Structures are given as C-alpha cells and as structure tokens.
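We name chains A, B, ... by the order of the sequence lines, and we start the count at 1 in each one. Because the structure is predicted, anything quoted here is derived from the model rather than measured.
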Amino acid sequence: MELYKNHELSIYNSLTKQKEKFEPITPGNVGMYVCGPTVYSNVHLGNVRTFMSFDMIFRYLKHLGYKVRYVRNITDAGHLENDADAGEDKISKKARIEEIEPMEVVQRYTVDFHNMLNLFNFLPPSIEPTATGHIIEQIELIATIIENGFGYVVNGSVYFDVHKYNETNDYGILSKRKLEDLIHNTRALDGQSDKKNPQDFALWKRAEPQHIMKWPSPWSEGFPGWHLECTAMSTKYLGNQFDIHGGGLDLKFPHHECEIAQNQAAKGVSPVKYWMHTNMLEMNGQRMSKSTGNIINPEQLLSGDNDKFDKGFSPSVIRFFMMQSSYKSVLDLTNDGLIASEKGYNKLMELISLLDKITPSSTTNTGDISVENLRNDCYAAMNDDFSTPMLIGTLMSNGKLIHGLSNGTYQINEADLTLLKETYHSFVFDILGLQQETAAGLDTEKLNSTVSLLIELRDNARANKDFATSDRIRDQLLEAGIQLKDGKEGTTFSIN
RNA sequence: GGCAUCUUGGCCGAGUGGCUAGGCAGAGGUCUGCAAAACCUUCUACAGCGGUUCGAAUCCGCUAGAUGCCUCCA
C-alpha cells in the first residue's frame, strides 16, 4: 500500500533549520543511516532514546509504504579516546584494562546492545555493518581524499586538511560554525604536532607497537579515524547521496560535520538530503554523566534496582514516556514523569482492550466525533515531523468515543469499527511500537484460574454481607500485587 | 569566551499569528456495603520589558535564567 502518495510528510532538517516536505531521492524508496553505538560499555539510556526515535521513524516510513533501507552501524574500532596523537582506540583501551581480546569487548557489548533493544521492542535495521568489517572501504576512501588534495600524510598517519577544504567548501555548514571562530576557540591539546592545524582530524592513525587493534595500510599499520567509518558504510549501502542521516545532537559537531567534509572531498557531493538530530536525555534535570554519578543503566530502570526511582518500569512504559515528548526536545527522566506515564500507558491499553470487545451495530452514531477525522488527526500528527506527542494526545482524547461505544451511548457499523480498530492498532503497536504487556514470566493461565476462584469466593462473601472475608481477599491480593477492579460486568484484576 | 537552542498552568509535556492539546496531580460527581478501579465534569498558562499587527504564547528586539556543543559522547 503506497500510502505515502496521499500523505505529505514534513521533516525538520537540521541542515536548513526548517521543516521541509519529505521527498525521497528515489520515489518510493528511503535510505536512512543512523550512527550506532560504540560497543565499549553497556548501552546507555540516552542511546536507547535516540535509537527509539529512529525506530519510530523507521516504523512510520514503512507504514506509509516506503521501501526503507535502514542502516545503523556498530562502531567496533577507530573511535579515539581523544584526537591527540596519543589517542587510543576506545575498544582497545577497554580490552587492555580488562585484559581481554578487543573482539571480546565488542562481542560482549554488542550482545548487550541487541538484548536491550529487543526488550524495548525495536525492529532490527536492514543492515547493521561494523567498522572492522569495512577497513578496506575506509582505506580506499582515504586514498581518494588524498588524491583529491584534501588529506596529507605525517609519520604514517593521515589527516584531513580542514583549512584547504574550507577554501572551496563550507566547513561548518551543518553546525553553523565558522572556521575562524573554531581557530580562536580550539583548546590547546598536547601532542598535536603532527597536524598542520588543530582543526584537522584523523583519517588514519599509525598504531604504536603495543597497540592490539591494527590493520595494514599504504601509510602504516594502524587504524581508521572515527568519522570515516560512517562515510564509508553509509555511501557503500545507500549511495553517495541518500535521504536521511540521523544521530544524537551531540554528534552534530564534529562528527557529522566531518562526514559532510569527507563526502565532499571524496565524492564531490554533500551526502545527505535530510539531517535529523535527536535531543538529549536528562535525569532529574541534569545531563546523564558517569563522572557525576547521574547515571542509570536500562536494566536498573526496568528492575527498580536503583536509588533514583521508587520502582521499576516496564519497557513499554518507558517507551510511552519517551514517545510523549518530541525527539527534538530535551527529555527529563524523573520519578513523577514515569509514574504519570505508567498511568497514561495503562489508560491507553485499557482503551484498546475495550475497543476490541465492541460489537458493530447496523448504523453509526458517534456524536461529534468521526472515525475518519480521528484517523486523519493521527496521520496529521505523524506527518508533522513525527509528532508522537500529538499522536498520543489524539489517541487519548478520543477515548470518550471508545467509552461511549462501550457503554452504549454511541453505535458504530462494521466498516467504521474495523477502521477504528485498525487505526488504534496500527498507530499504537506498529508505529509507536508499544506492546500490550501481560505479566511477563508469569503463568497467566494458572494465575487467571486462581484469581477467578478468589473473586468468586469474594462475590459469595459479599452476597452474604460477610465483608470481613471479602475485604480480606481484596486487601491481601492487593498486598500481593494483584488489584481487583469491580465493574458493571463483574470483577477483573490487574497485576501491579 | 564563541556558536546554538530553550523558558507554557501544582508537575510533565504539545502547539506556534485569531479557535479545547494530552497525561499526572487537585476539586466535584456517578458507581460501590465501604473502598479501589473506571467513567463524567471542572480549575489554572504561555519568563520579564518593549515593538510589529485589527489581533501575539506564537513574529522582531532587549533583559534575565537554563541547557547543549566547542575535547570522547546518542
């Protein structure tokens, strides 16, 4: 279904700093590249937020009927600790500290990364290439950049000549910086003697003898610079120019700026039509940071095993929380915010279970709400630069329609009911990527029959006005984490 | 210091020239043996000052405050 033909999607382009109508380079096809994690430690919750935003974008583009090729890389080499000559690869540093093979580090944290994303119900990208798997492509790219006069070799290392590049191109076009300002504001770092200018960045670094991760190249035994891998892998799989490039806001400069420069220098074109940057995740009003201790692992947030939050939160609640804010806004992770989201999420899931129980009538009478309008509002929200907060608002505020249908105030015919169900299901599950969470790890069938028995006993007690017994059942169950809910149709329960 | 972004009601968080965001919390109600849950109703806002405009939370300027990047970071 080529829905995109009937929808005008607009995307905020960080390059032009405005919303633009989305028109892919090849009609019907979308190429999207997102800078993935450097696998040298456990996945950070901020990474989860960024990748979740692009997961949602991937989902919506697919929903619109685009054929999407989504490339998200794994950085398993080349990411320098700092840009000085003494710079050490993050992976080898970790390997040295832990006395294990670099590829063991990579394997461990790649597995952790995938496990975590699975928990949060991420779709796998179309291609997940690794930097170490593309050393040859990177070497070729460096050779071309040198050939074109934008790279120079010093002591076996290769640097990108930013000043030379800036004579014919605009270094700073993405981050809105001027080279002269950068010159004035670059801090003096030790050991930069190899570079012609401090603004130059490494394309290839010669490895010291004790270095464990290194590859042969025309210039030295060494390893590629960090910015290079994304240029090599994105253009290999998506072409010299592609539609969307995403990543966290903190990668805008220098990483993405350098990608543009490398692509211009090697291929003569700017690589990306729409640059998208996701904003930062904070916790309790402060940037998450290992050095200040303002940090929490995803596992700890899920389990509640931490000193920052009252309890654990399920993956869908965290996803709902993140989807309630715009990917372009700073999001502050707080206890109150998560509690509020948990209630909101439960409410939405309740709406969907109600909706699934509604039976069609011969005619439709839904007051001043029309299913058609509701559906259009959902699309309008998403078409407006993937406004998931607006989408959630629409889904929530039309809850009165579902309640009205449920309690008989409104009626709906079969065609409209199908459309309504389809709308809620596709936006909530397929696009937002939320899941209806049944108590994971519990044998729900056995639990159901057990609690049903208790509900029956309680009903009998209440009928006999033996409230001591009925209240005891209710209160004891609540203490055990099972909440009874008395409704018109009888008593149901939920697990807290 | 430079560049950029942001400042919405008790809290979170959308919107962006005239028209209800939404959630949480609060208040009132329906239901209930009492509750809880659920549902219904309801309150409150656009940092300050000046300008543009018939009209500004929305555009422009200034002031104050916060944040990000400038060094590895999603």
Could you state the CG-P distance from A:Asp377 to B:rG22, rounded to the nearest angstrom?
12 Å
Output the rounded distance in Å from CG (A:Asn346) to C1' (B:rC24).
13 Å
Whole Å only: how far is the NE2 atom of A:His256 from the C1' atom of B:rC70?
16 Å
Give one of base, sugar-phosphate or nothing for A:Asp475, where a contact means two heavy atoms less than 4.0 Å apart.
nothing
For A:Lys400, which contact category applies under a 4.0 Å heavy-atom criterion: base, sugar-phosphate, or nothing?
sugar-phosphate
Over 60° means perpendicular and under 30° means parallel, so classify the ring planes of A:His425 and A:Phe429, tilted if in between.
tilted
Side chain to side chain contact (heavy atoms under 4.5 Å, CB included) assessment of A:Phe320 paired with A:Ser341:
CA-CA 7 Å; A:Phe320 183 86; A:Ser341 287; 4.0 Å; yes
For RNA chain B, determine which residues of residues 322-330 of chain A have any heavy atom closer than 4.0 angstrom to one of its atoms, and list them numerically.
A:Gln324, A:Ser325, A:Ser326, A:Ser329
Between B:rG23, B:rG33, B:rA38, which nucleotide gets closest to the side-chain atoms of A:Met396?
B:rG23
Identify whether any heavy atom of A:Gly337 sits under 4.0 Å from a base atom; if not, whether one sits that close to sugar-phosphate; answer base, sugar-phosphate or nothing.
nothing
Assess whether one donor atom and one acceptor atom, taken from the side chain of A:Asp471 and the base of B:rG33, lie less than 3.5 Å apart.
yes
OP1 or OP2 of B:rU5 under 4.0 Å from side-chain N/O of A:Lys17:
yes
Between B:rU16, B:rA74, B:rA35, which one does the side chain of A:Asp486 approach most closely?
B:rA35
Out of B:rC24, B:rA14, B:rG33, whichever nucleotide has its closest atom nearest the side chain of A:Lys347:
B:rC24
Whole-Å distance separating the CD atom of A:Glu180 from the P atom of B:rC3
11 Å
Can you tell me if A:Lys343 touches the phosphate of B:rA37, counting only side-chain N or O atoms and a distance under 4.0 Å to OP1 or OP2?
no
Quick one: the side chain of A:Arg474 and the base of B:rA36, do they pair up donor-acceptor inside 3.5 Å?
no
Can you check the distance between B:rU30 and B:rG9, where both ends of the measurement are the C1' atom (answer in whole Å)?
28 Å
Could you measure between the two P atoms, the one in B:rG10 and the one in B:rA47, and give it in whole Å?
13 Å
Is it the case that over 12 heavy atoms from other parts of the model lie below 6.0 angstrom from the NZ atom of A:Lys311?
yes
Which part of the nucleic acid, if any, lies within reach of A:Leu395 when heavy atoms closer than 4.0 Å are counted: base, sugar-phosphate only, or nothing?
nothing
State which of B:rC40, B:rG22, B:rU32 makes the closest approach to the side chain of A:Ser397.
B:rG22
Please report the distance separating the P of B:rC11 from the corresponding atom of B:rU44, rounded so that it comes out in whole Å.
16 Å
Watson-Crick and G-U pairing of RNA chain B written in dot-bracket, each distance under 3.5 angstrom, with | for inter-strand partners:
(((((((..(((.....[...))).(((((.......)))))....(((((..]....))))))))))))....
Is the aromatic ring centre of A:Phe51 closer than 5.5 Å to the centre of the six-membered base ring of B:rA74, with the two planes inclined by less than 30°?
no
Do the side chain of A:Thr130 and the main chain of A:Ile74 share a donor and acceptor less than 3.5 angstrom apart?
no
Residues 370-398 of chain A vs ring-ring contact (aromatic ring centres under 6.0 Å, His included), sequence neighbours excluded, gives A:His7-A:Tyr379, A:His63-A:Tyr379, A:Tyr379-A:Phe427
Taking only Lys NZ, Arg NE, NH1 and NH2, and the carboxylate oxygens of Asp or Glu, determine whether A:Asp486 and A:Arg458 approach each other closer than 4.0 Å.
yes
NA contact type, A:Lys465, heavy-atom cut-off 4.0 Å: base, sugar-phosphate, or nothing?
nothing
Just call it for A:Leu45: base, sugar-phosphate, or nothing, with non-hydrogen atoms closer than 4.0 Å on any strand.
nothing
Taking B:rC12 as the reference, what is the distance to B:rU8 when you measure between their C1' atoms (whole Å, please)?
12 Å
Could you tell me if A:Thr278 and A:Thr50 have a donor-acceptor pair between their side chains, going purely by distance under 3.5 Å?
yes
Interatomic distance where CD belongs to A:Glu257 and P belongs to B:rU71 [whole Å]
13 Å
Among B:rC40, B:rC70, B:rA74, the one nearest A:Asn47 by side-chain distance:
B:rA74
Measure up the A:Phe22 and A:Tyr274 rings against each other and bin them: parallel (under 30°), tilted (30 to 60°), perpendicular (over 60°).
tilted
Should the pair A:Phe201 and A:Phe160 be assigned to parallel (<30°), tilted (30 to 60°) or perpendicular (>60°) ring geometry?
parallel
Gap in Å between the two P atoms, one belonging to B:rU52 and one to B:rC60, rounded
15 Å
Picking from B:rC69, B:rA37, B:rG33, the nucleotide nearest the side-chain atoms of A:Asp250 would be B:rC69
Sorted by position of nearest nucleotide on RNA chain B, 5' first, the leading residue of A:Ser175 and A:Leu351 is A:Ser175
Rounded to whole angstrom units, what separation is found between the CD1 atom of A:Ile392 and the C1' atom of B:rG15?
15 Å
Heavy atoms of A:Phe120 and A:Pro298 approach each other most closely as CE1-CB, 4.4 Å
Short side-chain N/O contact to B:rA74 OP1/OP2 from A:His44, under 4.0 Å
no
Name of the residue among A:Phe122, A:Tyr70, A:Phe113, A:Tyr327 meeting ring-ring contact (aromatic ring centres under 6.0 Å, His included) with A:Phe51:
A:Phe113
Could you tell me how far B:rG2 sits from B:rU63 if I compare only their P atoms? Round to whole Å.
13 Å
Donor-acceptor check, side chain of A:Asn121 to backbone of A:Gly433, threshold 3.5 angstrom: yes or no?
yes
Using the C1' atom as the point on both nucleotides, what is the distance between B:rA66 and B:rC59, in whole Å?
23 Å
Say we look at B:rG13 and B:rC24: how far apart would their C1' atoms be, to the nearest angstrom?
11 Å
